[in-house]
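Heads up: the structure comes next, in structure tokens.
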Amino acid sequence: MKINSLHELYLDELRDLYDAENQLIKALPKMAEASTSDELREGFEEHLEQTRTHAQRLEQIFESLGEKPKGKKCKGMEGIVKEGSEVLDEDMQQDTKDAAIIGAAQRVEHYEIAGYGTVRTHADLLGREEDARLLEETLEEEKETDQKLTSLSENINVQAESEGIGTSTRKSTTRRKSAA
């Protein structure tokens with residue numbers, strides 16, 4: 001598809017975000033299920049509901065534009081979700097896996113923050129004030145989710161480090177014994 005104007009670019013990026021949100025609607029329950037931290041699991045469950053709202057806001061924008069939201073595959077989100085799925089399949093200690101899941105989730109949030117910031121700016125430039133307001137609302141929610149993940153990681157990462165200390169101590173003791 002050839003893009004000849006900011007308006008066409010705006011539509012293309014909105015479709016990309018819409019597909020990204022729908023990919024997340026499928027991925028978030030898996031992330032919640034794999035989380036061992038109750039707080040992390042609850043956070044993913046809350047964000048799933050929020051993500052459904054984000055998709056609905058995009059549908060509202062498309063309706064106001066007289067356009068359909070479908071028609072684009074978000075390859076960036078597809079790659080991030082695939083990478084996150086690989087984390088879910090890894091054999092790790094519980095807290096370490098939660099730390100890895102948080103890292104995967106923050107990659108998602110940063111991708112969305114970049115996307116929503118861009119389309120919000122385009123909406124402003126195109127004089128689409130209501131679109132810009134809806135997109136800004138989503139952008140702020142994505143930033144809040146990223147902050148929540150950062151807060152959760154502060155405790156979970158310390159716990160993951162504690163798991164590793166026991167393993168590291170055992171490994172270094174084994175190495176010293178075999179060297180003797």
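Nothing here was measured: the structure is a model prediction, and the numbers come from that model. Only heavy atoms go into these numbers, but all of them, side chains included; no hydrogens, no water, no symmetry mates.
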- Assess whether side chain to side chain contact (heavy atoms under 4.5 Å, CB included) is satisfied between D124 and D131, documenting all intermediate values. CA-CA 8 Å; D124 282 337; D131 294 4; over 6 Å; no
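- Contact detail for V87 and A100: the closest heavy-atom pair is CG1-CB, 3.5 Å.
- In summary, E137 and R57 engage in a salt bridge, as defined by a charged side-chain N under 4.0 Å from a carboxylate O.
- Using a 4.5 Å heavy-atom threshold, the side chains of L65 and L14 count as touching.
- The distance from atom NE2 of H47 to atom OG1 of T145, rounded to the nearest 0.5 Å, is 4.5 Å.
- For E109 and K143, the salt-bridge test fails: no basic side-chain N is under 4.0 Å from an acidic carboxylate O.
- Residues V81 and L24 share a closest heavy-atom pair of CG2-CD2, 4.2 Å.
- Of the inter-residue distances, the one linking K97 atom NZ with D89 atom CG reads 7.0 Å to the nearest 0.5 angstrom.
- Distance alone, capped at 3.5 Å, is enough to place a donor-acceptor pair between the E8 side chain and the N4 backbone.
- Here the side chain of R41 pairs a donor or acceptor atom with the backbone of S35 at under 3.5 angstrom.
- The shortest distance between side-chain heavy atoms of K30 and L88 falls below 4.5 Å.
- Annotation: the span from D19 atom CG to K73 atom NZ amounts to 5.0 Å, rounded to 0.5 Å.
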- Item | Derivation of the side chain to side chain contact (heavy atoms under 4.5 Å, CB included) call for H122 and L6 | CA-CA 7 Å; H122 291 170; L6 184 62; 3.6 Å; yes
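- V119 and L17 get closest at one heavy-atom pair: CG2-CD1, 3.6 Å.
- Here the closest heavy-atom approach between residue F44 and residue A105 is recorded as CE2-CB, 3.7 Å.
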- Run the numbers on I61 and L135 for side chain to side chain contact (heavy atoms under 4.5 Å, CB included), then give the verdict. CA-CA 9 Å; I61 291 169; L135 294 165; 3.8 Å; yes
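- Taking CG of L40 as the start and CD1 of I156 as the end, the distance is 5.0 Å to the nearest 0.5 Å.
- With hydrogens and angles left out, the side-chain atoms of T118 and E13 include no donor and acceptor closer than 3.5 Å.
- Remark: R133 engages E130 in a salt bridge, criterion side-chain N to carboxylate O under 4.0 Å.
- Annotation: E67, atom CD; neighbour count of heavy atoms from other residues, nucleotides and ligands within 6.0 Å is above 12.
- Side-chain contact between E21 and E112 is present, with at least one heavy-atom pair separated by less than 4.5 Å.
- Using a 4.0 Å cut-off between a side-chain N of Lys or Arg and a carboxylate O of Asp or Glu, R52 and E49 qualify as a salt bridge.
- Checked by atom type, the side-chain pair S64/R128 shows a donor-acceptor distance below 3.5 Å.
- Here E78 does not pair with K82 in a salt bridge; the nearest charged N to carboxylate O distance is not below 4.0 Å.
- In terms of heavy atoms, G76 sits closest to Y111 at CA-OH, 3.5 Å.
- Expressed to the nearest 0.5 Å, how far CG of L134 lies from NE2 of H54 amounts to 11.0 Å.
- Within the 4.5 Å cutoff, the side chain of L58 has no heavy atoms near those of the P69 side chain.
- Shortest non-hydrogen contact noted between A104 and G84 is CB-CA, 3.9 Å.
- A 4.5 Å side-chain heavy-atom check between R107 and E83 finds at least one atom pair inside the cut-off.
- Within 6.0 Å of atom CD in E63, 12 or fewer heavy atoms from other residues, nucleotides or ligands are found, so the atom counts as exposed in its surroundings.
- Between the side chains of T36 and D98, at least one donor N or O sits under 3.5 Å from an acceptor N or O.
- How far CD of E141 is from OH of Y116: 9.5 Å, rounded to the nearest 0.5 Å.
- Side-chain contact between Y18 and E59: present, with at least one pair of heavy atoms (C-beta onward) separated by less than 4.5 Å.
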- Could you walk me through whether L125 and Y10 pass the side chain to side chain contact (heavy atoms under 4.5 Å, CB included) check? CA-CA 10 Å; L125 289 169; Y10 177 60; over 6 Å; no
